[in-house]
> 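Structure in structure tokens, see below.
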Number of protein chains: 2
Amino acid sequence: MSLAQIRYFVAVAEERNVGRAARRLHVAQPPISRQIRSLEEELGSPLFRRTPRGMDLLPAGEVFLEHARGILVAVEVATDATRRAGS
Amino acid sequence: MSLAQIRYFVAVAEERNVGRAARRLHVAQPPISRQIRSLEEELGSPLFRRTPRGMDLLPAGEVFLEHARGILVAVEVATDATRRAGS
DNA sequence: TGAGGTTACGCCTATCGTAATAATG
DNA sequence: CATTATTACGATAGGCGTAACCTCA
């Protein structure tokens, strides 16, 4: 698992659409699609249901989403606190 | 910043020695040394003081260490909770 | 049949390991 | 001068983007 995968996941979960997530993150769709699949494989279960209109969060995805947001915030907090401590 | 960098950092901080951290993580010393330096550059300040006997945590390093442990735990918790939810 | 997700494929960057080098008490 | 960290360097793997393809209401 990587922080990029977590960021991609959160964007897709919030946009419910890979293409919009890609534009928001300034990357192409395929990297997002691949990283989401890789994350699902690592976690052992699908996080989204694919529909012709986009991506619907499954229950496992909802669980991961809450934790994922916390991880990204924790990284920011760690960065800021360390930068402050180093000045 | 990557989760690998955070794991490398925690190992070095706990072992106070790059070589021991490397053995513990089953990688060679140079990757650890490089990733620590890269992390320090990203955070804008050194995290360790280099001595001929190893690595001493600086104040900024102590700050980062506490946050870093929390991030790694959060990743584990997120993984376990999601695996459970998907079963 | 159109909107959106996925696969194929080639490139390119990042990371690794081995070996050589530096630094310091 | 021994111990430890770092730099050099070549090899490999992982990630990205473009283009082609699939899927389903």
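Numbers restart at 1 for each chain; the letters A, B, ... are given by sequence-line order, proteins then strands. Computed from a predicted model, the values in this text were never measured in an experiment.
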> Quick check on dA5(D): is either OP1 or OP2 less than 4.0 Å from any side-chain nitrogen or oxygen of Ser33(B)?
no
> Check step by step if side chain to side chain contact (heavy atoms under 4.5 Å, CB included) holds for Val18(A) and Met55(A).
CA-CA 7 Å; Val18(A) 174; Met55(A) 310 278 275; 3.9 Å; yes
> Please report, rounded to the nearest Å, how far the C1' atom of dT4(D) is from the CZ atom of Phe48(B).
14 Å
> Identify the heavy atoms of Ser38(A) and Gln5(A) that sit nearest to each other, and give their distance.
OG-NE2, 2.9 Å
> Membership question, hydrophobic clusters at under 4.5 Å side-chain separation (ILVMFWY): are Leu58(A) and Phe9(A) in the same one?
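Per the 4.5 Å side-chain linkage, Phe9(A) and Leu58(A) are not co-clustered.
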> Treat primed atoms plus P, OP1 and OP2 as sugar-phosphate and everything else as base, then score nucleotides 20-25 of chain D 5' to 3': B for base contact with protein heavy atoms under 4.0 Å, S for sugar-phosphate contact only, - for none.
----S-
> Rounded to whole angstrom units, what separation is found between the CD atom of Glu15(B) and the C1' atom of dA5(D)?
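Between C1' of dA5(D) and CD of Glu15(B): 16 Å.
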> I'd like to know whether Val27(A) forms a side chain to side chain contact (heavy atoms under 4.5 Å, CB included) with Ile32(A), so could you lay out the CA-CA distance, the side-chain angles of the two residues, the decisive distance to 0.1 Å, and finally the verdict.
CA-CA 8 Å; Val27(A) 293; Ile32(A) 308 261; 3.6 Å; yes
> Counting only pairs under 3.5 Å, give me each side-chain donor-acceptor contact of residues 42-52 of chain B, with atom names and distances, residues two or more places apart or in other chains.
{"from": "Glu42(B)", "atom 1": "OE1", "to": "Met1(B)", "atom 2": "N", "distance (Å)": "2.9"}
{"from": "Glu42(B)", "atom 1": "OE2", "to": "Met1(B)", "atom 2": "N", "distance (Å)": "3.2"}
{"from": "Arg49(B)", "atom 1": "NH1", "to": "Asp56(B)", "atom 2": "OD2", "distance (Å)": "3.3"}
{"from": "Arg50(B)", "atom 1": "NH1", "to": "Glu40(B)", "atom 2": "OE1", "distance (Å)": "3.3"}
{"from": "Arg50(B)", "atom 1": "NH1", "to": "Glu40(B)", "atom 2": "OE2", "distance (Å)": "2.9"}
{"from": "Arg50(B)", "atom 1": "NH1", "to": "Phe48(B)", "atom 2": "O", "distance (Å)": "3.3"}
{"from": "Arg50(B)", "atom 1": "NH2", "to": "Glu40(B)", "atom 2": "OE1", "distance (Å)": "2.9"}
{"from": "Thr51(B)", "atom 1": "OG1", "to": "Arg53(B)", "atom 2": "N", "distance (Å)": "3.0"}
{"from": "Thr51(B)", "atom 1": "OG1", "to": "Gly54(B)", "atom 2": "N", "distance (Å)": "3.1"}
{"from": "Thr51(B)", "atom 1": "OG1", "to": "Gly54(B)", "atom 2": "O", "distance (Å)": "3.2"}

> Estimate the overall bend of the helix from dT1(C)-dA25(D) to dG25(C)-dC1(D) from the end axes over five pairs each, rounded to 10 degrees.
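Angle reported: 30°, given to the nearest ten degrees.
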> Atom CZ of Arg49(B) to atom P of dT6(D): distance rounded to whole Å?
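In whole Å, dT6(D) P and Arg49(B) CZ are 13 Å from each other.
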> Mind checking the OG-CD spacing from Ser2(B) to Gln35(B)? Nearest 0.5 Å is all I need.
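Result: 5.5 Å between the selected atoms.
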> Identify all pairs in which a protein N or O lies below 3.5 Å from an N or O of nucleotides 12-17 of chain D, and state each distance.
{"from": "dC16(D)", "atom 1": "OP1", "to": "Tyr8(A)", "atom 2": "OH", "distance (Å)": "2.4"}
{"from": "dG17(D)", "atom 1": "OP2", "to": "Ala28(A)", "atom 2": "N", "distance (Å)": "2.9"}
{"from": "dG17(D)", "atom 1": "N7", "to": "Arg34(A)", "atom 2": "NH2", "distance (Å)": "3.4"}
{"from": "dG17(D)", "atom 1": "O6", "to": "Arg34(A)", "atom 2": "NH1", "distance (Å)": "2.8"}
{"from": "dG17(D)", "atom 1": "O6", "to": "Arg34(A)", "atom 2": "NH2", "distance (Å)": "3.4"}

> With side chain to side chain contact (heavy atoms under 4.5 Å, CB included) as the criterion, how do Val12(B) and Arg16(B) come out once you've worked through the C-alpha distance, each side chain's angles and the decisive distance to 0.1 Å?
CA-CA 5 Å; Val12(B) 171; Arg16(B) 305 198 167 260; over 6 Å; no
> Taking heavy atoms of chain B and a 4.0 Å limit, find me the 5'-most and 3'-most nucleotide of DNA chain C within that range.
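Both ends considered, the range comes out as dT15(C) to dG25(C).
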> Can you give the donor-acceptor pairs under 3.5 Å from side chains of residues 60-79 of chain B to other protein atoms, not counting sequence neighbours?
{"from": "Arg69(B)", "atom 1": "NE", "to": "Glu14(B)", "atom 2": "OE2", "distance (Å)": "3.3"}
{"from": "Arg69(B)", "atom 1": "NH2", "to": "Glu14(B)", "atom 2": "OE2", "distance (Å)": "3.1"}
{"from": "Thr79(B)", "atom 1": "OG1", "to": "Val75(B)", "atom 2": "O", "distance (Å)": "2.8"}

